[in-house]
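A quick write-up on the structure given underneath.
Numbers here are sequence positions counted from 1. Side chains are part of it too, since the values below use all heavy atoms of this structure and drop only hydrogens, waters and symmetry mates.
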Amino acid sequence: MTSAKSNKKEKKTAPVAPETKLFEIAWEVCNQVGGIYTVIRSKVPSVIEKWGVDNYFLVGPYFEEQAAAHFEPATDYSNPIGLAVLEMQSRGFDVYYGKWIVSGRPNVVLFNPYSVYDKLGEIKYFLYQDFGISIPGGDDLLDKVAALGFQVTEFFKYLCESALDECKVVAHFHEWMAGLPIPGIRKANLNVKTIFTTHATLLGRYLAMNDHEFYNHLPFYDWEKEADNFNVRPIAEIERASAHGAHVFTTVSEVTAKECTHLLGRTPDKILPNGLNIQRFEASHEVQNQHMRIKEQINEFVRGHFFQSYSFDLDKTLYFFTSGRYEYHNKGYDLTLEALARLNWKMQQSGTDMTVVSFFVTKRPFYTYNPDVLQSKAQVEDVHRVVDEIKEQLGERLYTAITSSNGVYEFPVLESLVDDYLKLKLRRNVQSWKTNNLPKIVTHSLVDDAKDEILNFLRTSNLVNNRSDKVKVVYHPDFIATTNPLFKMDYGQFVRGCHLGIFPSQYEPWGYTPLECLASGLPSVTSNLSGFGDYVENNFPKHRDSGMFIIDRTDGNFHRAAEDLSNILFDFVQLTRRDRIALRYCCEEASMHFDWSNLGKHYDEAYEMAVHR
């Protein structure tokens with residue numbers, strides 16, 4: 001499934017000529033913001049392998065703080081792009097040329113949007129006069145987008161006039177923040193073939209957040225009226241101008257293609273599914289070994305967080321998680337919570353000895369870490385240190401006692417080998433750590449927890465980490481990183497240590513989270529309203545056997561979907577350890593389908609289509 005117009009046969013095109021230069025333009029080049037950063041960064045090695053490092057260039061904004069970590073300035077400006085950068089610098093543009101410090105080390109050209117702010121009035125005037133795009137004053141993001149668009153357009157004008165007059169140029173623009181140069185390139189009739197990819201329309205995202213029947217109502221929306229209603233008219237105009245101006249218009253899934261048809265007024269020419277740079281272990285058993293090592297680190301957090309109140313068997317505990325942008329309905333957090341409440345009841349009724357700890361990892365405004373959570377972690381670490389002291393002392397004295405016996409072996413009383421001081425120290429540490437309070441649900445002090453939808457559901461449903469609950473919840477309103485004092489690992493490691501990802505989105509143009517799970521050997525649940533879920537349903541007939549569970553959300557029946565999800569979760573809880581390990585191996589095997597070496601062919605076909613149009 002590579003085209004939104006799947007009922008039409010596509011004309012076969014010849015390969016792109018070797019003298020063609022490929023430029024990818026995105027707001028997320030050397031600028032980590034969201035999912036498109038993962039798309040661009042992970043795709044780089046496979047693109048360079050096909051195009052060569054001298055024919056592939058990335059273009060984006062220059063922000064000093066981000067550039068310090070991602071950008072390495074060039075020392076050689078002798079190639080046509082380097083010379084073009086020098087020429088633009090001589091004309092007063094604040095532009096940088098160098099390498100992006102990621103796998104493949106691609107060439108990048110970065111423009112400082114602030115450097116042309118003195119021309120913003122003129123830039124906005126011509127955008128409105130030439131293309132009907134009205135950008136108001138006082139909007140920092142729109143100002144930066146307009147400034148970047150102007151600089152990129154001037155860059156391609158110079159390339160076509162001087163530096164690359166004998167080469168073909170393909171320019172691939174990602175999302176509305178980068179798409180603004182497209183109408184200018186077409187108006188100037190530059191020898192540049194343009195591709196525009198929308199990863200999600202902004203208007204669609206707003207509509208889906210406020211309309212649970214979004215997909216059923218798509219044909220009836222008036223885009224101008226709705227754009228004004230949500231105060232996103234300039235962005236909608238940029239998206240439409242980019243989509244209509246591009247030689248080839250693409251999106252990431254069939255689900256989003258329907259959205260584009262009705263909200264942007266053009267059906268995509270091509271579907272470009274998102275992939276990853278899949279790294280597989282040479283030894284298949286290493287998938288399980290990695291899981292076990294990282295799971296033990298999560299166990300340490302759980303001991304500190306829960307065991308001060310009560311304990312449960314960690315060998316019979318499963319870790320579920322969901323993550324992503326905080327969009328309560330769009331990301332399916334509402335459905336996940338309802339399904340977990342039902343799962344809790346099913347597990348209690350069945351009398352199972354299993355426990356589920358479900359993590360919600362998202363970004364919310366907070367003041368700081370919850371001091372009680374940090375204190376509990378510090379106290380359990382104190383207990384651990386005393387235990388290590390006792391272990392060391394006991395080991396030395398036990399060895400001495402046994403080897404010093406007079407020929408008659410007699411096992412000593414271990415308690416007598418430990419100093420009273422250490423016994424007392426351990427007792428005091430344990431007593432100061434233990435509490436009768438329930439374990440905290442949220443790990444941070446939220447700015448306005450009284451209005452937080454996740455917390456309000458948990459309070460209303462009484463899913464508040466009671467001792468009797470078989471499903472426990474940890475709400476972590478920040479993204480996980482190695483600097484995090486609670487987990488001390490990055491997000492990718494955290495995923496490997498869990499057992500199941502839950503992402504039943506109501507609106508998700510693609511959905512990297514279940515794909516990241518798959519690449520880590522982790523089963524996951526998603527919905528067929530996500531681009532990834534829709535792709536899996538249409539390309540993997542036995543997707544459940546590969547750990548990809550899909551919830552049907554097309555009929556808008558929330559309670560039926562919640563029951564389906566709770567049943568999937570309950571079935572997973574009842575799997576044996578052997579079954580879960582086997583499913584991990586199947587996940588890792590299936591992930592290779594989504595490697596860029598496989599999915600990159602759709603991009604190649606889009607480039608060929610653009611060149612030969």
Using a strict cut-off of less than 4.0 Å between a Lys/Arg side-chain nitrogen and an Asp/Glu carboxylate oxygen, indicate whether Asp269 and Arg613 qualify as a salt bridge.
->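 Yes, Asp269 and Arg613 are salt-bridged.
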Electrostatic pair Lys157-Glu161, nearest N-O below 4.0 angstrom |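 Answer for the salt bridge query: no.
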Identify, with sequence neighbours excluded, every residue that meets salt bridge (Lys or Arg N to Asp or Glu O under 4.0 Å) alongside Asp140.
->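 Applying salt bridge (Lys or Arg N to Asp or Glu O under 4.0 Å) to Asp140 gives Lys144.
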Can the ring centres of [X] and [Y] be said to be less than 6.0 Å apart?
| X | Y | answer |
| --- | --- | --- |
| Tyr96 | Phe111 | no |
| Phe532 | Tyr512 | no |
| Phe321 | Phe494 | yes |

Would you give the length of the straight line joining atom [atom1] of [X] to atom [atom2] of [Y], rounded to the nearest 0.5 angstrom?
| X | Y | atom1 | atom2 | result |
| --- | --- | --- | --- | --- |
| Ile101 | Cys30 | CD1 | SG | 8.0 Å |
| Phe540 | Tyr535 | CZ | OH | 6.5 Å |
| Ile278 | His593 | CD1 | NE2 | 11.0 Å |

Where at least one partner belongs to residues 173-186, residue pairs that pass side-chain hydrogen bond (donor to acceptor under 3.5 Å, both in side chains), sequence neighbours excluded |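 Found Glu24-His174, His174-His199, Glu175-Thr198.
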Measure from NZ or CZ of Arg240 to the centre of the six-membered ring of Trp223, then state whether that distance is under 6.0 Å and the direction lies within 45° of the axis.
->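 Positive - Arg240 is close enough to the ring of Trp223 and near enough to its axis.
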Examine Arg364 relative to Tyr326 and say whether NZ or CZ is less than 6.0 Å from the centre of the six-membered ring and inside a 45° cone about the ring axis.
->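 Yes - Arg364 lies over the ring of Tyr326, closer than 6.0 Å to its centre and within 45° of its axis.
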side-chain hydrogen bond (donor to acceptor under 3.5 Å, both in side chains) against Tyr507, all qualifying residues, sequence neighbours excluded |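 Partners of Tyr507 under the side-chain hydrogen bond (donor to acceptor under 3.5 Å, both in side chains) test: Glu259.
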Checking side-chain polar atoms at under 3.5 Å, does [X] have a donor or acceptor matched by the opposite partner on [Y]?
| X | Y | result |
| --- | --- | --- |
| His262 | Tyr221 | no |
| Asn112 | Tyr117 | no |
| Ser597 | Ser46 | no |
| Thr368 | His444 | no |
| Tyr37 | His70 | yes |
| Tyr491 | Ser323 | yes |
| Thr526 | Ser530 | yes |

I'd like to check [X] versus [Y] (side-chain heavy atoms, cut-off strictly below 4.5 Å). Are they in contact?
| X | Y | answer |
| --- | --- | --- |
| Pro80 | Leu159 | no |
| Leu276 | Leu518 | no |
| Phe57 | Tyr97 | yes |
| Ile550 | Ser527 | no |
| Lys187 | Asp130 | yes |

Strictly by salt bridge (Lys or Arg N to Asp or Glu O under 4.0 Å), give each pair with a member in [range] just once, sequence neighbours left out.
| range | value |
| --- | --- |
| residues 90-102 | Arg91-Glu154 |
| residues 191-201 | none |
| residues 111-124 | Lys124-Asp143 |

Taking the inter-plane angle between the rings of Tyr603 and Tyr607 on a 0 to 90° scale, is it parallel (under 30°), tilted (30 to 60°) or perpendicular (over 60°)?
->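 Ring orientation, 0 to 90° scale: perpendicular.
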Among Phe487, Phe359, Phe360, ring pair (Phe, Tyr, Trp, His ring centres under 6.0 Å) partner for His476 =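 Of the listed residues Phe487, Phe359, Phe360, the ring pair (Phe, Tyr, Trp, His ring centres under 6.0 Å) partner of His476 is Phe487.
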Test Phe196 against Phe173 for ring-ring contact (aromatic ring centres under 6.0 Å, His included), laying out the working first.
-> CA-CA 5 Å; Phe196 177 63; Phe173 298 83; 7.9 Å; no
